[in-house]
Each structure stands twice: as C-alpha cells, then as structure tokens.
Amino acid sequence: DGGITQSPKYLFRKEGQNVTLSCEQNLNHDAMYWYRQDPGQGLRLIYYSQIVNDFQKGDIAEGYSVSREKKESFPLTVTSAQKNPTAFYLCASSIDEGSSYNEQFFGPGTRLTVL
Amino acid sequence: RKEVEQDPGPFNVPEGATVAFNCTYSNSASQSFFWYRQDCRKEPKLLMSVYSSGNEDGRFTAQLNRASQYISLLIRDSKLSDSATYLCVVTSPNTGNQFYFGTGTSLTVIP
C-alpha cells in the first residue's frame, strides 16, 4: 500500500538533546512538508521541500533542521535550540508543491515530549 | 491578521441534525480551498476540495464565497461517526501556494 510513514509514534527526550523524526513516503511525491500542531492552534509549517537536495524554511523553522537526500525521505531534527519542542509533529507530501490544487497527504504523526 | 480563522466550537448536535461551519480567509488572492477532517490524536485527512461553483459529496456540501472571503461546510443528517475536528485550509499564491490551516472546529454528534 502507498502512503506516508512516520516513526516513532511517541518519543520522549530530555531537555537539551537533539532528536530526529523520521518521515518516509512511497507515493512518488515530489513535495514534502513538516508541520507542528499544538493544542488550540492550527498546523504550522516548519520546513518544506519541493525536490531532492532542496528545502525551504516555513513559518517556524527556528530550532529545526531537515535534509532531503532521497525523494522518499524527509527527516526532521529538533535541536536543543527549539525553546518549546513538545508537540505533535506531522509530515505530509503532495505531488507537486508548485500547484495549489494538489492535496497534501499526511503521515500518522509523532508525539514528542521533552521532559 | 491570521490567514485563516475558524470558530473553534465545540458544536454538539444530535444525530440527524444539520450543522454548518464557516471559515474566513484574509488573502483575496487565495486560489485553493479544502476541508480536512481530523480525528482525535490522528492525522488530518482530506474531506473535500472546495470549488468556486460549490460541490457536494453525499451528506457534505462545501461552498466558496469569494466576495466575502469565506468558505463553508454543511453536514446533513449527522452521524455519530462525523464527530471530529474539521480543518479549513487555504492556499496563498504569494507564498508558493503554501497551505494555511485554521485552528479547527470541533463537532460532537450526540446519540
């Protein structure tokens, strides 16, 4: 079955540690995205990538980093510089980021809790 | 000003009721509009795209009013399984067609 996978589903880390969230898709989509969702707030864009080896900052990129070495993979690192990292992180993909008519498909998400 | 604004609810309605959600957007140049559904602690899933002429999918009807810059979602004959949070999404051509999500409207259908 085609889809987007994220791992792990739940992640606990100590304050000050970097952590990397995995996102893999086998939909052959060009564009991939990372969002964070906090209670009472809409999804906010962290980073996105239209093509391999290229990515752009979203609205809340500070304290995060990404890479896009393969079309199917777009891992997100939450660094110690992120002031409030506890959140629900969602990865998404779409056929082509440049077209506004393409829906985004979401992975199941990772709940990160920093202790 | 937020790109997208939604009434967070909650909306609590009995089974069989008709319920409507509205969502306003700030950028008049926005081109694409969607409604996503998100179940508790799950990922959002596309419910329907919103076309200029309006569109219907079974019990669900979406409308776009460009003059007043709002979109709406109407659910008829509500089912218990409709209980979820409904997210309004608007794209902005000024930012490479980035998706902007509303905070969501919570719906609970009561037996």
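Every chain is numbered from 1 and lettered A, B, ... according to where its sequence line falls, protein lines coming before strand lines.
In this structure, the portions of A:Gln104 lying under 4.5 Å from any heavy atom of chain B include both its backbone and its side chain. Proximity to chain B (any heavy atom under 4.5 Å) is shown, for A:Arg44, by neither the backbone nor the side chain. Looking at A:Leu43, the atoms closer than 4.5 Å to chain B (heavy atoms on both sides) sit in the backbone and in the side chain alike.
Within a 6.0 Å sphere centred on CG of A:Leu27, other residues, nucleotides and ligands contribute more than 12 heavy atoms. For A:Glu62, the CD atom sits in a loose shell: 12 or fewer heavy atoms of surrounding residues, nucleotides or ligands are nearer than 6.0 Å.
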**Request:** Decide ring-ring contact (aromatic ring centres under 6.0 Å, His included) for B:Phe101 and A:Tyr35; before the verdict, give the C-alpha distance in whole Å, the side-chain angles of both, and the deciding distance to 0.1 Å.
**Result:** CA-CA 10 Å; B:Phe101 289 80; A:Tyr35 294 90; 5.3 Å; yes
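The residue from B:Tyr70, B:Phe34, B:Tyr100, B:Phe33 that alone fulfils the ring-ring contact (aromatic ring centres under 6.0 Å, His included) condition with B:Tyr25 is B:Phe33.
Between chain A and the options B:Val4, B:Thr85, B:Leu46, heavy-atom pairs under 4.5 Å are most frequent for B:Leu46.
With hydrogens and angles disregarded, no donor-acceptor distance shorter than 3.5 Å links the side chain of B:Arg37 to the backbone of B:Leu47. A donor-acceptor contact shorter than 3.5 Å is absent between the side chain of A:Gln6 and the backbone of A:Lys9.
Taking 4.5 Å as the limit, every side-chain heavy atom of A:Val78 sits out of range of all side-chain heavy atoms of A:Val114.
For the salt bridge (charged side-chain N to carboxylate O under 4.0 Å, His left out) condition, no pair includes a residue of residues 7-33 of chain B, sequence neighbours left out.
Residues of residues 38-45 of chain B lying within less than 4.5 angstrom of chain A, judged on heavy atoms, are B:Gln38, B:Arg41, B:Lys42, B:Glu43, B:Pro44 in numerical order.
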